[in-house]
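Computed from a predicted model, the values in this text were never measured in an experiment. So that the names make sense, note that chain A is the first sequence line, chain B the second, and so on, each numbered from 1. Both backbone and side-chain heavy atoms feed into the values below; hydrogens, waters and symmetry mates do not.
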Protein chains: 2
Amino acid sequence: MSIRDLARHLNISIGTVSRALNGKSDVNAETRERVFLAAKELGYVPNQSGRSLRQGTTNTIGFMIESSIETADNGGSFFMPVFEGVQSVFRRHQLDLVALLCGTDEDPGAYLNRIVGRRFVDGLIISATMRNDPRIALLLERKIPFVTLGRSNIGGQYPWIDLDFEGVAATAVTRLLNFGHREIAIGVPASDINLGYIFVEGYKRALSDHGIGFDPGLVFPASGNEEGGYQVASAMLSQKRMPTAVILVNENMAIGLYRRFYEAGIHPGRDVAVIGFRESTQSRFLSPTLTCFRISLRDLGIKLAEALLSTMPAFMGNYPQDSIELVWPMELVPGESDHLCMEPS
Amino acid sequence: MSIRDLARHLNISIGTVSRALNGKSDVNAETRERVFLAAKELGYVPNQSGRSLRQGTTNTIGFMIESSIETADNGGSFFMPVFEGVQSVFRRHQLDLVALLCGTDEDPGAYLNRIVGRRFVDGLIISATMRNDPRIALLLERKIPFVTLGRSNIGGQYPWIDLDFEGVAATAVTRLLNFGHREIAIGVPASDINLGYIFVEGYKRALSDHGIGFDPGLVFPASGNEEGGYQVASAMLSQKRMPTAVILVNENMAIGLYRRFYEAGIHPGRDVAVIGFRESTQSRFLSPTLTCFRISLRDLGIKLAEALLSTMPAFMGNYPQDSIELVWPMELVPGESDHLCMEPS
DNA sequence: ATGGCGTCCGTAAACGTTTACGATTTCAAC
DNA sequence: GTTGAAATCGTAAACGTTTACGGACGCCAT
């Protein structure tokens, strides 16, 4: 069922059929009608390879998601809504969105190289940005439109959107300081992912803004799952003076942290303050409920899509041209886990 | 950088270049060497559209994942490892795997129709199988190779793999009966997804095997997240005689269930027995740790991939031909949540 | 009658591959 | 020296589209 069959069936040339289906102007209204009718009747759908080959564009966008240890456990609840938002925009432009999950045993750079080499996608959304991400250089050089979810420290002209980890860290620190805490720990991802650095930056800045010195011993690197939270709690317990508060970069860590503290007879929200990230169904049902930060993930996805479209030649007209560099705000959702005031010592 | 450029650069014909790269036999070893070298040097990667058009095959497989309410919250931790397993097999055959996430506001049937119409993939893995899944009929009719993760009740010749929910339900029921429980509740997904039916089937069968009558009032439909677990607990509490045990089909529900019971002053693992599904990092760090069932998700993915390959003409030689209909076993992992014995009343 | 213009449609080239087929060379065997 | 087979390579067609170009036709103004 190719366009040739359709043309034969209608007794017109394939050129006219193509023009009719693609909404070109130089085709009779009645002819167009007949073409559309016959196409629906015979179930004709244009072959993607054919049109890709001709017009050098695939009409698909790739969303590259890491399936690393860090994201494996909470990846779904984070990426699914983002993906939804992205997709809702692309659907309006007849663009298909596919998720590219790079396996843990494959180098992301090599994987990406294969993808762009094959001309598999017209554009890319990249997540889990590293500090010096080789993928960015590759895409810039190959001139593939892309947008990153997460800042990098690589220069160049490309849009990015990042969560406001610095703001989150600052808000959390200020809140805890106001509650009287002075020794505030943070649990950050142990990997090279950029958010860790930014998080620590915000933490440091907020402390110094309040005239508190930075103690490197209060920064606990750990993996971003329950196991990591458990280890952070263990590390806190083994300090000679246990910190009275802790900020986590991942809400799954909170479960492990809670567990460890319960084992030690310490009640989060009563004996130690916990602020987590990110708000989810989970955070509302933990005991105590977790004070954390809310993101509108769907809106984030929509913005990502728009940022990408604004760099794609075929769509640049519809979207503002100024390159997007956006720090995505988050809103604190108070829970029960940090409701304790300290006497300033 | 097309094959033509590469051929010009080497002063040989494009046919020879193609044959060299594709490992055909009628090409000189030294020539092949030169071709590979030049390809690597110039960064040549064959254009996918071109080869797809010519050989009618795209070398990509689609993994269709629902982003429905049910799977949104725990979808990541479930699908990522499966995906990894699938990918590890396909990589060996030069097949690219893409995840197709059907948006909640889009009909899965229509979405699939577009995908197969465009000849976007050579084969498909379908998850979240419905009882009467229209996608299966479509794929059978179009003769697209596919495998489903989850049984359907549609006949026909296609491979499927499903988790052994019946076995899980039976094991859980038997275990709880041995602990002396007689009123065992279950929380099952409220949607039309097939696993719910199978789960209830296993539950019923295990009860009747032990001569216990089936009480429909002990089946609590709910969504598969924390909210759902909370509601199940509420419903249990409002019974005139509260069930002494509960089986959950989703481990995220356990968190909500725990929460609701704590609010009511009831301790899971002491006052009420809980068995959940599926084992995860989470289940080991809850308090009490959750008795649940373990799956080897990566192996499941590998088996899915092999099942699909066995139905694809290009690979049928390498894989056994007998159609695969597999019930995937799961292993009970005892936790603290069901360690309580009842005096038989 | 001629020219010009607008509408509609057919023709054919092009996109980048793969592959059937035939051409050329080499080499051994008769 | 002729033949045949094997090895190696070039040629060209084909896959299904889109699109630049030009042709046919009708209409109106000159």
Would one find a side-chain N or O of B:T16 under 4.0 angstrom from OP1 or OP2 of D:dG10? yes

A:S18 side chain N/O closer than 4.0 Å to the phosphate oxygens (OP1, OP2) of D:dT18? yes

Expressed in angstrom and rounded to an integer, what is the separation of [X] atom [atom1] from [N] atom [atom2]?
{"X": "B:L6", "N": "C:dT18", "atom1": "CG", "atom2": "C1'", "result": "15 Å"}
{"X": "B:R32", "N": "D:dC9", "atom1": "CZ", "atom2": "C1'", "result": "13 Å"}
{"X": "B:I14", "N": "C:dA20", "atom1": "CD1", "atom2": "C1'", "result": "14 Å"}
{"X": "B:N11", "N": "D:dC9", "atom1": "CG", "atom2": "C1'", "result": "14 Å"}
{"X": "B:N47", "N": "D:dT17", "atom1": "CG", "atom2": "P", "result": "17 Å"}
{"X": "A:R34", "N": "C:dC8", "atom1": "CZ", "atom2": "C1'", "result": "13 Å"}
{"X": "B:I3", "N": "D:dT11", "atom1": "CD1", "atom2": "P", "result": "14 Å"}
{"X": "B:L21", "N": "C:dT17", "atom1": "CG", "atom2": "P", "result": "10 Å"}

Nearest-nucleotide pick for [X], side chain only, options being [options]:
{"X": "A:D26", "options": "D:dC9, D:dG10, C:dC8", "result": "C:dC8"}
{"X": "B:L53", "options": "C:dT18, C:dG16, C:dT11", "result": "C:dG16"}
{"X": "A:T31", "options": "C:dT17, C:dC9, D:dC9", "result": "C:dC9"}
{"X": "A:R19", "options": "C:dT17, D:dG10, C:dG10", "result": "C:dG10"}
{"X": "A:R4", "options": "C:dG10, D:dG16, D:dT18", "result": "D:dG16"}

Over 60° means perpendicular and under 30° means parallel, so classify the ring planes of A:F83 and A:F63, tilted if in between.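 Rings of A:F63 and A:F83: parallel, as their planes differ by under 30°.
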
Is the ring pair A:F146/A:Y158 parallel, tilted or perpendicular, if the boundaries are 30 and 60 degrees?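 A:F146 vs A:Y158 ring planes: parallel.
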
Using modelled atom types only, decide if a donor and an acceptor are shared between the side chain of B:D133 and the backbone of B:M130 within a distance under 3.5 Å.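 Yes; judged by distance alone, with no hydrogens or angles, the pair exists.
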
Donor-acceptor contact below 3.5 Å, side chain A:Q87 vs main chain B:L101: yes

If you go through the side-chain atoms of [X], does one of them form a donor-acceptor pair with the base of [N] closer than 3.5 Å?
{"X": "A:R54", "N": "D:dT18", "value": "yes"}
{"X": "A:N28", "N": "C:dC9", "value": "no"}
{"X": "A:R118", "N": "C:dG16", "value": "no"}

Position toward the 5' end of DNA chain D (nearest nucleotide), A:M1 or B:S25: B:S25

Enumerate, atom names and distances included, each donor-acceptor pair closer than 3.5 Å involving a side-chain atom of residues 38-47 of chain B, sequence neighbours excluded.
from, atom 1, to, atom 2, distance (Å)
B:N47, OD1, B:S49, N, 2.7
B:N47, OD1, B:G50, N, 3.1

